[in-house]
J.: 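Take this structure, written in structure tokens, and hold onto it; I'll ask about it next.
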Amino acid sequence: MADPITVIIRFTGEPDDLLERFEKARRRWIEAQDGDHERPFFYAACRTDDGIAIVNAWETAAAHRAFGHGIGPHVEAVGMRRPDHIERIRIKTLGWD
């Protein structure tokens, strides 16, 4: 892997509503790619005490950027606001070897 990266995206609000809306936005983004996109090799949508956290791990920073730049209009279209926090972490070791 060239430059693997983990991205944690946090939204505050009612978790069930946010999870449903983000899933709609994610599916809209996937459909808009018409099959031409890199998928994350890890994806988790998590409830938190104050909202949700979306955790992605991407093989390259470029794949993450393509998602990150493209998901915004879909998030807005489902009635969500911009994330409250985005954290990017370089992956040094992957797996439990």
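Counting from 1, the numbers follow the sequence of the chain as shown. Predicted model, so just to flag it, every value in this text is computed and none were measured.
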J.: State whether the number of non-hydrogen atoms from other residues, nucleotides or ligands found under 6.0 Å of E14 atom CD is greater than 12.
T.: yes
J.: Under a plain distance cut-off of 3.5 Å, with no hydrogens placed, do D84 and T12 share a side-chain donor-acceptor pair?
T.: yes
J.: Work out which heavy atom in I91 is nearest to a heavy atom in A57; give both atom names and the distance.
T.: CD1-CB, 4.0 Å
J.: So for atom CG, which belongs to D16, do other residues, nucleotides or ligands contribute more than 12 heavy atoms lying within a distance under 6.0 Å?
T.: yes
J.: If you round to the nearest 0.5 Å, how far is OG1 of T48 from CD1 of I8?
T.: 11.5 Å
J.: Is there a side-chain contact between F67 and N56, using heavy atoms and a 4.5 Å cut-off?
T.: yes
J.: Got a second to check how far I30's CD1 is from R39's CZ, nearest 0.5 Å?
T.: 6.5 Å
J.: Run the salt-bridge test on R28 and E31 with the 4.0 Å N-O cut-off and return the result as yes or no.
T.: no
J.: Using the side-chain contact (heavy atoms from CB on, under 4.5 Å) rule, pick out the option among E23, M80, R47 that qualifies with L18.
T.: M80
J.: Apply side chain to side chain contact (heavy atoms under 4.5 Å, CB included) to H64 and R88, showing your working.
T.: CA-CA 10 Å; H64 154 61; R88 294 167 187 87; 3.3 Å; yes
J.: On the six-membered ring of F22, is R27 placed so that its NZ or CZ lies under 6.0 angstrom from the centre and within 45° of the ring axis?
T.: no
J.: Determine the minimum heavy-atom distance between C46 and L19, stating which atoms define it.
T.: N-CD2, 4.2 Å
J.: On a heavy-atom basis, which atom in I71 and which in A25 lie closest, and how many Å separate them?
T.: CD1-O, 3.6 Å
J.: Working to the nearest 0.5 angstrom, can you tell me the gap between F11 CZ and R81 CZ?
T.: 8.5 Å
J.: At their closest point, which heavy atom of D3 faces which heavy atom of R90, and how far apart are they?
T.: O-NH1, 3.4 Å
J.: Centroid separation under 6.0 Å, is that true for the rings of W58 and F41?
T.: no
J.: Between R10 and D50, is the closest basic N to carboxylate O distance under 4.0 Å?
T.: no
J.: Are V75 and W29 close enough that some pair of their side-chain heavy atoms sits under 4.5 Å apart?
T.: no
J.: Please name the pair of heavy atoms, one in I89 and one in E87, separated by the smallest distance, quoted to 0.1 Å.
T.: CD1-OE2, 3.7 Å
